[in-house]
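What's counted below: heavy atoms across the whole structure, side chains too, no hydrogens, waters or symmetry copies. Chain naming here is simple, since letters A, B, ... match the order of the sequence lines and numbering starts at 1 in each. Quick caveat, the model's predicted, so the values are computed rather than measured.
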Amino acid sequence: MSTRVLLADDEPDIQLIARLALKRAGFEVTAVANGAEVLARVAEVQPQAILLDWMMPEMDGFETCARLKADPLTRDIPVIFVTAKAQESEIDRGLKLGAVGYITKPFDALTLGSQVRTFLGLGAQPA
Amino acid sequence: MTIRTKVFGVLGALVLAALVQTLVALQMARERGWGREDADRTARVLEHLAVLSRAVLDMQDALKGFALTGDPVYEQQYHQASELYNRTLTLLPENGTVTDVRQLERLRTIDARVADWHAAVWMPVFARRRSGEDVAAFVLREGRPREAKIREAIDRFETHEQSTLAVQRRDTSLRYTRATLTLLAIPAAAIVLLLVFIVVVTRVVLDPLSVVAESARQISAGNFSVTLPAGRSDEIGALVTTFRDMTAAVQRREQDLTIALERQRQIAREYAALQAQAESQRKQLLATIDTVPAALVIVGAPDGRVLLQNGAAEALIGPPPRTSDELRRSRRRLRTLRRDGRVCPRREWAVVRALRGEVVVGQELTIRHPSGRLVPVLVSAAPLRDEAGTITGAVVAFQDITRLHEVDRMKSEFVSIVSHELRTPLTSLKGSLQLVLDEALQLPKEERLQLLRVALASTDRLIRIINDILDISKVEAGGLRLHLKPCEIGELVKQSIQSVEQIAWSASVRLETSLPPDVPGVVVDPDRIVQALVNLLSNALKFAPPGSTVRVDARRNPDGSVGVSVRDEGKGIPPEKIGLLFQKFQQIDGSDSRRVPGTGLGLAITKALIELHGGRIDVWSELGVGTRFTITLPAAPALAA
């Protein structure tokens with residue numbers, strides 16, 4: 001049973017690439033375009049991990065994460081930030097919210113999956 | 001001769017006169033006394049004579065009585081009278097009443113005649129009566145002539161004394177009168193002398209003194225031409241001389257004072273001129289520092305009170321405090337914060353450090369504006385010294401760096417956004433190529449082609465972003481060159497439509513144009529105009545909901561200029577954001593998804609490009625209705641429509 005991932009990014013290209021990269025790594029990916037959609041679909045998708053882009057319209061990654069962590073139903077779902085923002089303070093904020101880690105853009109499509117695995121504490125990908 | 005001498009002389013004369021008068025009067029009084037003494041004596045002589053006469057008569061009566069009666073009583077009577085007579089007789093010369101030889105002679109005469117009578121008449125009568133003889137006739141014969149003689153002698157004496165008395169009395173009264181007159185003459189003379197004295201004093205002393213006094217009055221009134229009594233060698237003369245000298249001295253001093261006063265006035269005028277000069281210089285300084293855009297404050301040592309501040313300072317930190325109360329409040333307000341947010345202690349304030357002699361450049365602080373707003377400022381301060389090198393104050397310059405911070409903030413935000421914008425297509429580029437090349441993935445051809453298309457699109461996007469950044473930099477630096485050519489706006493519109501057709505199609509938005517033939521040609525850089533139009537169209541497509549229409553209209557304006565407007569039917573721009581639209585790095589919230597993401601530079605570049613052409617760009621928007629951007633370009637001068 002592959003791990004379900006809910007991915008949020010407002011760029012369709014990124015969605016495509018991330019989805020393919022994660023699929024390659026054995027994840028089942030659902031992609032949405034912003035934070036509001038994340039909250040809307042989290043119950044339905046029941047992901048085991050959520051990948052959030054930081055800068056999104058309507059609700060950005062930060063707020064989305066905050067809300068996820070505030071909701072007891074979603075609190076325990078590990079959140080990983082995928083962001084082009086590289087400032088210390090921003091990353092700090094994110095981690096303080098309870099994210100398990102962050103991945104910077106541009107990411108390596110070939111190792112994206114294993115990075116996520118590592119954050120989730122999963123072992124190596126089954127062959 | 002001095003007045004004193006005169007005065008004393010007159011007084012002496014007065015005294016002397018009085019003395020003489022007194023002596024004379026005294027003498028006269030004494031003489032009067034004497035006179036009275038004489039008169040009294042003469043009176044007494046007369047009294048005694050009267051007594052004597054009476055005694056003699058009594059003796060004669062006694063004799064007659066005895067002669068007639070032989071009564072021993074008459075004998076007794078005779079003896080008594082005789083005794084009285086004798087007593088009186090001796091008394092007269094004895095008590096000094098009779099002193100004159102003639103008087104004594106007369107007394108002796110009387111006495112001799114009485115003795116004679118006594119011997120010739122009494123004795124015989126006394127003897128004959130005893131013998132009983134008739135004595136009456138004897139008495140008559142012998143007595144009468146002798147009595148008459150006695151009578152005569154006494155009378156003579158009396159008469160003489162009486163006349164003496166009268167003379168004496170008259171004399172006395174004369175003397176009395178004279179003495180009284182003399183006594184009266186003393187005060188009279190004294191009064192006369194006193195009057196003389198007064199006249200003398202008046203003439204000699206008082207008149208000249210009042211002349212001098214009058215002169216003094218004249219001189220104190222400023223009139224120096226006075227005549228003084230001259231040529232006297234006494235005290236008045238000395239006074240006049242001294243007075244004249246004093247007048248001269250006063251006159252000289254007055255002249256000196258006038259000169260000094262004039263000099264003082266001169267100095268005062270010069271001082272006033274200097275003050276006016278200083279004031280005008282001060283005003284000049286104030287005017288000069290008012291032109292300085294930074295806030296300048298000049299403070300005085302040691303307490304830092306404000307001496308001068310320019311308009312910019314007044315705007316930034318308010319008017320200078322006038323009372324110590326205001327000073328305290330302003331100090332509290334100026335409680336500054338360092339960049340890190342911590343409170344900057346007073347001893348580290350630039351102004352305090354400058355007053356200590358330090359030159360401070362570029363200290364970053366936050367101060368509180370009178371309105372309450374916190375203002376970041378750049379503070380520089382330097383001490384002001386006088387010729388001796390003592391610190392007299394400090395000059396402090398504040399620069400409101402809110403804008404700078406803002407720009408900084410915007411720049412870092414820009415960097416952040418740009419970084420994000422760049423990384424996104426790079427991610428797509430890298431990722432897509434990685435996936436295409438990954439053998440293990442075994443992607444179907446369709447997917448591979450899609451990925452390659454994504455890679456290409458990402459490359460294009462990168463190019464666009466980089467171009468935008470370069471453009472805006474060139475515009476900012478003034479280095480953007482336009483290649484102007486005569487163009488038809490319609491052509492340019494068509495070109496830009498072509499560029500965005502694909503996007504419009506995928507967004508299900510219709511593109512419509514209106515290009516009337518009477519639109520004049522323009523002289524523009526066609527690429528840049530197309531760039532601008534594409535930017536506007538992209539924005540419009542961003543906002544246009546699916547199924548709506550985006551219109552591009554070109555027209556000829558009444559003043560001959562060319563107008564092109566791009567209208568969408570999107571949700572509109574809130575009024576508060578309209579002012580920010582054309583600013584750099586401003587992102588308008590896209591709708592649900594971003595189709596042509598921008599850097600926030602598009603409109604800024606568009607505006608700059610249009611303005612470089614001498615045109616302008618305006619925006620109209622209504623929430624819920626749509627937005628319209630209108631470009632106005634000047635018509636080409638030579639081309640007709």
Taking atom [atom1] of [X] and atom [atom2] of [Y], what is their separation to the nearest 0.5 Å?
{"X": "A/Asp13", "Y": "B/Arg461", "atom1": "CG", "atom2": "CZ", "value": "7.0 Å"}
{"X": "A/Gln15", "Y": "B/Ser428", "atom1": "CD", "atom2": "OG", "value": "10.5 Å"}
{"X": "A/Asp108", "Y": "B/Thr427", "atom1": "CG", "atom2": "OG1", "value": "11.0 Å"}
{"X": "A/Leu20", "Y": "B/Gln434", "atom1": "CG", "atom2": "CD", "value": "12.0 Å"}
{"X": "B/Thr424", "Y": "A/Met55", "atom1": "OG1", "atom2": "CE", "value": "7.5 Å"}

Can A/Arg24 and B/Leu435 be said to form a side-chain contact (heavy atoms from CB on, under 4.5 Å), step by step?
CA-CA 9 Å; A/Arg24 178 184 174 279; B/Leu435 291 167; 4.2 Å; yes

B/Lys430, NZ: over 12 other non-hydrogen atoms inside 6.0 angstrom:
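It does: B/Lys430 NZ has more than 12 such atoms within range.
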
B/Glu576, CD: over 12 other non-hydrogen atoms inside 6.0 angstrom:
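Count over threshold, so yes.
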
Chain B contact via A/Asp9 - side chain, backbone, both or neither, heavy atoms under 4.5 Å
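For A/Asp9, there is no contact with chain B at all, as no heavy atom is under 4.5 Å.
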
Which bit of A/Leu16 is near chain B, if near means a heavy-atom gap under 4.5 Å: side chain, backbone, both or neither?
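For A/Leu16, the contact with chain B is made by the side chain alone.
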
Report the residues that fulfil ring pair (Phe, Tyr, Trp, His ring centres under 6.0 Å) with A/Phe119, sequence neighbours left out, ordered by chain and then residue number.
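Here no residue qualifies.
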
Minimal non-hydrogen separation, B/Ser432 against A/Ile17, with atom names:
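The answer is N-CD1, 3.6 Å.
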
